[in-house]
Amino acid sequence: MRESLETIAKRLNRGEVAAVPTETVYGLAASLRFPQAIEQIYLLKKRPANNPLIIHIASREDLPPASNLDALIEAFWPGPLTLVLPNDTISEKARAGLPTAAFRMPAHPLTRALIQLTGPLVMPSANLSGKPSATTPEHVEEDFGSDFPILDGGPVTHGVESTILCFAQKWKIIRQGAISQEAFLPVLHYLPEIELPGNKPLCPGQLYRHYAPKATLIPTCSPPSACTLVGYSDRTYDSCRIYSLGPSNHPETIAQNLYTTLRQLDQDNIHEAYIDIDLPQIGLYRTILERLYKACTKT
Ligand code: TXA
Ligand code: MG
């Protein structure tokens with residue numbers, strides 16, 4: 001159910017939950033002031049209780065005092081950067097009990113206008129836990145039904161989530177996202193390390209299955225003939241049924257198409273598909289490859 005900015009703000013200001021566009025993906029929003037609304041988000045998404053939420057703010061005043069952030073904030077806010085900072089005062093439900101909290105200042109004009117009316121909003125991606133994220137209002141409806149309140153911003157710009165940084169002696173990328181590792185070099189004067197998957201990741205969300213359609217997905221650099229294939233519009237494949245991510249030399253377009261394409265496999269009841277992962281491990285491609293590999297993982 002598409003609703004106006006004012007109606008969505010009213011809902012959030014009385015402790016309800018609604019879907020909201022951002023420049024990365026759609027979010028499932030609740031006001032930071034309503035612990036029961038935050039709880040509702042976990043229930044709606046079927047999200048594990050130990051997976052914390054990002055707090056979305058519209059101005060620097062909403063950020064608790066912290067040092068060392070000026071250069072990053074100047075370069076990347078508003079935008080698809082999330083910063084994990086020491087914090088034990090903000091809503092425990094949003095932090096999932098951790099001694100840190102994640103903050104992001106979104107760039108989307110509708111999100112910013114909304115936060116002006118509501119104050120800080122917690123927002124995980126607006127998808128059922130484990131499924132591909134939502135990049136259009138239609139995706140939100142697929143997961144939460146046509147009666148779910150949505151602020152319609154059309155398709156999003158980036159199509160992959162924010163990059164999450166955490167400080168541990170140096171800044172580290174704990175979730176890859178719309179800002180590439182290389183983009184931090186001129187700002188930090190070093191390349192922030194990308195945390196590799198492990199048993200106790202700094203980003204709890206990395207523990208869980210993500211971005212996966214129902215189909216079994218097989219990563220490959222040389223697809224067999226006559227298969228169902230997630231591939232690229234500028235490559236030729238031998239009599240395959242193609243789900244195109246766009247041109248292989250345009251990572252921004254691939255990112256925009258990524259979740260729509262994965263969701264389309266479910267819409268078409270595909271049981272098995274190959275994914276062409278022959279892409280370079282640089283820039284935004286690295287984020288795309290990480291998402292594609294995750295989509296292939298069943299656990
Ligand atoms: O682009 C985005 O970041 C989108 C839009 C809606 O803003 N949001 C998003 O939220 O991707 P979500 O909940 O799907 O992913 C947030 C990730 C989770 O993996 C979670 O574990 C991590 O952020 N996170 C949140 N708070 C954290 C904290 N205090 N420490 C470490 N990781 C944290
Ligand atoms: Mg998510």
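Predicted model only: the values in this text are computed from it and were never measured. Start at 1 and go down the list; that is how both ligands and their atoms are numbered.
Here the closest non-hydrogen pair linking Ala19 and Val140 is CB-CG1, 3.6 Å. Between Phe103 and Pro64, the shortest heavy-atom distance links the atoms CZ-CD, 3.4 Å. Contact record, Ile288 with Ala255: CD1-N, 4.0 Å, taken as the closest heavy-atom pair. A pairwise comparison of heavy atoms in Leu245 and Leu258 identifies CD2-CA, 3.9 Å as the closest pair.
With rounding to the nearest 0.5 Å, the separation of NZ in Lys131 from CG in Leu128 is 6.5 Å. Residue Asn249 holds its CG atom at 11.5 Å from OH of Tyr232, rounded to the nearest 0.5 Å. For the atom pair CG (Leu114) and CD (Glu6), the distance works out to 9.5 Å, reported to the nearest 0.5 Å.
Of the protein's heavy atoms, Ser125 OG, 2.9 Å lies nearest to atom 14 (O) of ligand 1. For atom 4 (C) of ligand 1, the closest non-hydrogen atom on the protein side is Val25 CG2, 3.8 Å. Regarding atom 7 (O) of ligand 1, its nearest protein heavy-atom neighbour is His56 NE2, 2.6 Å. From the protein, the heavy atom lying nearest to atom 22 (C) of ligand 1 is Cys203 SG, 3.6 Å. Atom 32 (N) of ligand 1 has as its closest protein heavy atom Pro204 CD, 3.4 Å. When hydrogens are left out, the protein atom nearest atom 24 (N) of ligand 1 is Pro52 CG, 3.8 Å; that is the closest non-hydrogen contact. Protein heavy atom in closest approach to atom 5 (C) of ligand 1: Thr24 OG1, 3.6 Å. Of the protein's non-hydrogen atoms, Ile164 CD1, 3.2 Å is the one closest to atom 23 (O) of ligand 1.
Under 4.0 angstrom from ligand 1, the non-hydrogen atoms of Leu202 all belong to its backbone. Contacts between Ala101 and ligand 1 below 4.0 angstrom, taking non-hydrogen atoms only, involve the backbone exclusively. Of the heavy atoms in Thr100, both backbone and side-chain atoms come closer than 4.0 Å to ligand 1.
Side chains of Asp268 and Tyr243: a donor-acceptor N/O pair is present below 3.5 angstrom, by distance only. Donor-acceptor pairing under 3.5 Å is recorded for the side chains of Asp234 and Ser248. With 3.5 Å as the limit, one finds no donor-acceptor pair spanning the side chains of Thr135 and Arg263.
Inter-residue side-chain proximity for Ser244 and Asn257 is flagged as unmet; no heavy-atom pair is nearer than 4.5 Å. With a 4.5 Å cut-off on side-chain heavy atoms, Ile54 and Pro124 do not count as touching.
In this structure, the side chain of Thr24 does not engage the main chain of Glu161 through any donor-acceptor pair within 3.5 Å.
One finds no salt bridge joining Glu193 and Lys170 here, because no Lys/Arg side-chain nitrogen approaches an Asp/Glu carboxylate oxygen to under 4.0 Å. The pair Arg286-Glu182 counts as a salt bridge, with a side-chain nitrogen and a carboxylate oxygen less than 4.0 angstrom apart.
Not a single heavy atom of Pro80 sits closer than 4.0 Å to an atom of ligand 1. Within the 4.0 Å heavy-atom shell around ligand 1 one finds Arg47. Contact analysis leaves Arg95 out of contact with ligand 1, as no non-hydrogen atom separation drops below 4.0 angstrom.
Near Glu161, meaning under 4.0 Å from one of its heavy atoms, ligand 1 places the atoms 1 (O), 2 (C), 11 (O). Set against the non-hydrogen atoms of Pro124, the atoms of ligand 1 under 4.0 Å away are 10 (O), 12 (P), 13 (O). Shown in contact with Asn51 at under 4.0 Å from a heavy atom are these atoms of ligand 1, numbered in order with element: 18 (C), 19 (O), 20 (C), 21 (O). Atoms of ligand 1 lying under 4.0 Å from at least one heavy atom of Ala102, given by number and element, are 25 (C), 26 (N), 27 (C), 29 (N). Residue Gly27 has at least one heavy-atom neighbour below 4.0 Å for each of these atoms of ligand 1: 6 (C). Taking every non-hydrogen atom of Met123 and a distance limit under 4.0 Å, the qualifying atoms of ligand 1 come out as 6 (C), 8 (N), 10 (O). Distances below 4.0 Å separate heavy atoms of Ser162 from the following atoms of ligand 1: 1 (O), 2 (C), 3 (O).
Sorted by chain and number, the protein atoms of type N, O or S within less than 2.8 Å of the Mg ion (ligand 2) are Ser125 OG.
For ligand 1, the polar-atom distance check finds an N/O of Arg175 within less than 3.5 Å of one of the ligand's N/O atoms. Between Lys45 and ligand 1, no pair of N/O atoms sits closer than 3.5 Å. Residue Gly205 has at least one nitrogen or oxygen atom sitting less than 3.5 Å from a nitrogen or oxygen atom of ligand 1, judged on distance alone.
Note: the hydrophobic cluster containing Ile254 also contains Val230 (ILVMFWY, side chain heavy atoms under 4.5 Å, direct or indirect links).
A centroid separation of 6.0 Å or more is found between the aromatic rings of Tyr190 and Phe184.
For Pro52, the side chain to side chain contact (heavy atoms under 4.5 Å, CB included) partners at least two apart in sequence or on another chain are Ala96, Leu98, Pro204.
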